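Report on the structure given below.
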Amino acid sequence: MAKELKELTKRADNYSQWYNDLVVKADLAEQSPVRGCMIIKPYGYAIWEKMQAELDREFKKIGVQNAYFPLLIPKSFFAREAEHVKGFAKESAIVTHYRLKTSDDGKDIIVDPEAKLEEELIIRPTSETMIWNTYKGWIHSWRDLPIKCNQWCNVMRWELRTRPFLRTSEFLWQEGHTAHATEQEAREEARRMLHVYADFVERFMAVPVVRGEKSETERFAGALDTYTIEAMMQDGKALQSGTSHFLGQNFAKSFDVTYLDKDNQPQYVWATSWGVSTRLMGALIMTHSDDNGLVLPPKLAPLQVVIIPIYKGADQQAAIAAKLRPVIDKLQELGISVKFDDSDNKRPGFKFADYELKGVPVRLVMGGRDLENNTIEIMRRDTLEKESVSFDGIVDRVVGLLDAMQTNIFEKARKFRDEHIFECDNYEEFKERVKDGGFFLCHWDGTAETEAKIKEETQATIRCVPFGYEQTEGVDMVSGKPATKRVIIARSY
């Protein structure tokens, strides 16, 4: 059985299959009977819950309140915002009837043709239309603004090609929707949320990101500006890990959402929306994990410490358990999740392999000789280093190790990312090198034609105009036209 746990496809052999294997074998998720949908298993959902809890705390610090809006959206709502409906039309699932019945012979369940809805309903791919229809009844005066609402929910986008967590027809996410009196306030809010996301992903997920602005072609449907955080996976591909959108007054005008300003004059409201999804689970897996399984940053690991006793007989088992009980209690008092696994139906080797596969950050092992010598073995999952240390002070050692691992995992990922960011202004060189992954800083003339040609010929896209990088004048490597900005181009998930 322990051997089976190790049978992951090697990353170097087939990175995509390694990822799919790991999602299943680490008990994160499995396929459902519905095409393109997944079942998130308890261990995987526990990671998502930790992400959700921390993000929720951060949102509330800046005045965001949680609400819930309906899953079903009248089709007519989508027709009010042309760019929005164009962006989601091909992915929308539609409810047309409200009742089933048995066939005349009683053998089949069929749609009742007399139960056709007067207006078809869209299963939400996103909630801008429903929320802005609602805001019309909430907003009357400048005193009602700003409104900052968020909802944790599921959405449906009928994807043709799916992969667990990265792209599924149904997925979990949060979507924030804010309403403001001024353009400046809305723009500031959109940028602020981008940095909230980036800080969370770096501090808790230990995933370094590039912050930037999307090109016009890559913007969210209906947005005037879209900001993004882009993470690099171990195969050098980009993963869009969170976005924030300045929506201008598009949705306010579509749903006639106005307020009376301080001069008692009607004004259209300014809007933002922003969201992250269970795609973050994919980023977590692909950024850190190895051929032994998951590598989880301690801050998000459902189980941070596992303690495995190795004993002969009930008396030794009881003695080791008594020795370890104060350690377990103290770690739990400090808010560290601990499991004492003294089950006798699995051998120690199986347990070691299983907890490595699931990415448990710290493993403690105590045997009979350790009991005699007042020692304990400690192993860290990120480097697989283990050593025998004094039992005295083990709690402080574990606490320090968890902090050190969180930092080390991030720095390892950042080093890899930085070593795979390249400046390039030669298109032939770019076309050859982009196949092997990496972020390419290239001059761009700003035209959709150049952007489309790059995508068609290389399967790479402009990920963003990055913040924090010096913007210099140059020549577009594709068109030869003058360019005033550098963009990051990469293949992506």
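Hydrogens, waters and symmetry mates play no part in the numbers below; they use all other heavy atoms, side chains included. None of the values given here were measured: they were computed from a predicted structure. The first residue in the sequence is number 1, and the count goes up from there.
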Item checked: Pairing of K431 and E428 as salt bridge, 4.0 angstrom limit -> yes

Next item on the list: For the pair Q234 (side chain) and S289 (backbone), establish whether a donor and an acceptor sit closer than 3.5 Å, ignoring hydrogens and angles.
Entry: yes

Next item on the list: Working to the nearest 0.5 Å, report the span between OG1 of T126 and CE of M156.
Entry: 14.5 Å

Check: Hey, are R80 and D256 close enough for a salt bridge, meaning a charged N less than 4.0 Å from a carboxylate O?
Finding: no

Item checked: Ring-face cation of K136 near F255 (centre distance under 6.0 Å, axis angle within 45°) -> no

Next item on the list: Could you grab the distance from atom CD of E128 to atom CZ of F77, nearest 0.5 Å is fine?
Entry: 13.5 Å

Next item on the list: Would you check, one step at a time, whether the test side chain to side chain contact (heavy atoms under 4.5 Å, CB included) holds for M51 with L284?
Entry: CA-CA 11 Å; M51 292 180 176; L284 192 72; 4.0 Å; yes

Item checked: Exam field: side chain K86 to backbone A221, donor-acceptor pair closer than 3.5 Å -> no

Next item on the list: Give me the ring orientation class for F422 and F440: parallel if the planes are under 30° apart, tilted from 30 to 60°, perpendicular past 60°.
Entry: tilted

Notebook entry, point to check: Do R191 and S244 meet the criterion of a side-chain donor-acceptor pair at a distance under 3.5 Å?
Noted result: no

Margin query: Can you confirm whether E456 is buried at CD, in the sense that more than 12 heavy atoms of other residues, nucleotides or ligands lie under 6.0 Å from that atom?
Written below: no

Check: If we ignore angles and hydrogens, is there a donor and acceptor under 3.5 Å between the side chains of R219 and T217?
Finding: no

Check: Judged by atom type as modelled, is there a donor-acceptor pair below 3.5 Å linking the side chain of R124 to the main-chain atoms of N154?
Finding: yes

Notebook entry, point to check: Does the side chain of K25 come within less than 4.5 Å of L8's, by heavy atoms?
Noted result: yes

Next item on the list: Grab the two heavy atoms, one from W158 and one from R35, that are nearest each other, plus how far apart they are.
Entry: NE1-NH2, 3.3 Å

Margin query: Check whether Y15 reaches the backbone of M286 with its side chain - one donor and one acceptor, N or O, closer than 3.5 Å.
Written below: yes

Notebook entry, point to check: For K50, does the NZ atom have more than 12 heavy-atom neighbours from other residues, nucleotides or ligands under 6.0 Å away?
Noted result: yes

Note to self: Could you report the tightest heavy-atom contact between D476 and D445, atom names first, then the distance?
What the structure shows: OD2-N, 2.7 Å

Next item on the list: State whether the side chain of D291 and the backbone N or O of R11 hold a donor-acceptor pair below 3.5 Å, judged by distance alone.
Entry: yes

Next item on the list: With the side chain counted from C-beta on, respond yes when K358 and P302 share a heavy-atom pair under 4.5 Å apart, and no when they do not.
Entry: no

Next item on the list: Spell out, as yes or no, whether a donor-acceptor pair under 3.5 Å connects the side chain of D263 to the backbone of Q265.
Entry: no

Next item on the list: Give a yes-or-no answer on whether the side chains of Q240 and Y493 include a donor-acceptor pair shorter than 3.5 Å.
Entry: no

Notebook entry, point to check: Short question: side chain of H245, backbone of G275 - any donor-acceptor pair under 3.5 Å?
Noted result: no

Margin query: Ring centroids only, cut at 6.0 angstrom: are F88 and F220 within range, meaning strictly under it?
Written below: yes

Note to self: Within this structure, what is the CZ-OH distance for the pair R211 and Y197, rounded to the nearest 0.5 Å?
What the structure shows: 13.5 Å

Checklist line | Close side-chain approach of V465 and S215, heavy atoms under 4.5 Å | finding: no

Next item on the list: State whether Y227 and K214 meet the cation-pi test: NZ (Lys) or CZ (Arg) under 6.0 Å from the six-membered ring centroid, and within 45° of the perpendicular axis.
Entry: no

Check: Centres of the F59 and W274 rings: under 6.0 Å?
Finding: yes

Next item on the list: For E159 and S169, indicate whether the former's side chain and the latter's backbone hold a donor-acceptor pair under 3.5 Å.
Entry: no

Check: Can you name the residues that form a salt bridge (charged side-chain N to carboxylate O under 4.0 Å, His left out) with K60, not counting sequence neighbours?
Finding: D56

Notebook entry, point to check: Sub-3.5 Å donor-acceptor pair from the side chain of Y135 to the main-chain atoms of H177, do we have one?
Noted result: yes

Checklist line | Nearest heavy-atom neighbours spanning E202 and V207 | finding: CG-O, 3.3 Å

Next item on the list: Indicate yes or no: does R192 engage E188 in a salt bridge with an N to O separation below 4.0 Å.
Entry: no

Check: Short question: side chain of S277, backbone of R279 - any donor-acceptor pair under 3.5 Å?
Finding: yes

Item checked: E230 and L239: CA distance, side-chain angles, deciding distance, side chain to side chain contact (heavy atoms under 4.5 Å, CB included) verdict -> CA-CA 6 Å; E230 300 286 331; L239 184 68; over 6 Å; no

Item checked: I40 side chain near L28 side chain, heavy-atom distance below 4.5 Å -> no

Checklist line | Heavy-atom side-chain contact between I285 and L22 under 4.5 Å | finding: yes

Margin query: As an exercise, state the distance from NZ of K455 to CD1 of I489, rounded to the nearest 0.5 Å.
Written below: 13.0 Å

Check: Regarding E175 and S127, is there a side-chain donor-to-acceptor distance under 3.5 Å anywhere?
Finding: yes

Margin query: Regarding R187 and E183, does a basic nitrogen lie under 4.0 Å from an acidic carboxylate oxygen?
Written below: yes

Margin query: Using side chain to side chain contact (heavy atoms under 4.5 Å, CB included), reason through T278 and W173 one step at a time and then give a plain yes or no.
Written below: CA-CA 6 Å; T278 38; W173 78 346; over 6 Å; no

Next item on the list: To the nearest 0.5 angstrom, please state how far the CD1 atom of I62 sits from the OG1 atom of T178.
Entry: 9.5 Å

Margin query: Within this structure, what is the CH2-CG distance for the pair W152 and N150, rounded to the nearest 0.5 Å?
Written below: 6.5 Å

Note to self: Can you confirm whether E119 sits close enough to K75 that some side-chain heavy atom of one is under 4.5 Å from a side-chain heavy atom of the other?
What the structure shows: yes

Next item on the list: Determine, stepwise, if the pair E185 / T182 fulfils side chain to side chain contact (heavy atoms under 4.5 Å, CB included).
Entry: CA-CA 5 Å; E185 187 178 315; T182 68; 3.2 Å; yes

Item checked: For Y268 against Y259, the heavy-atom pair lying closest together -> O-CE2, 3.8 Å

Item checked: Plane angle bin for F204 and F200 - parallel if under 30°, tilted between 30 and 60°, otherwise perpendicular -> parallel

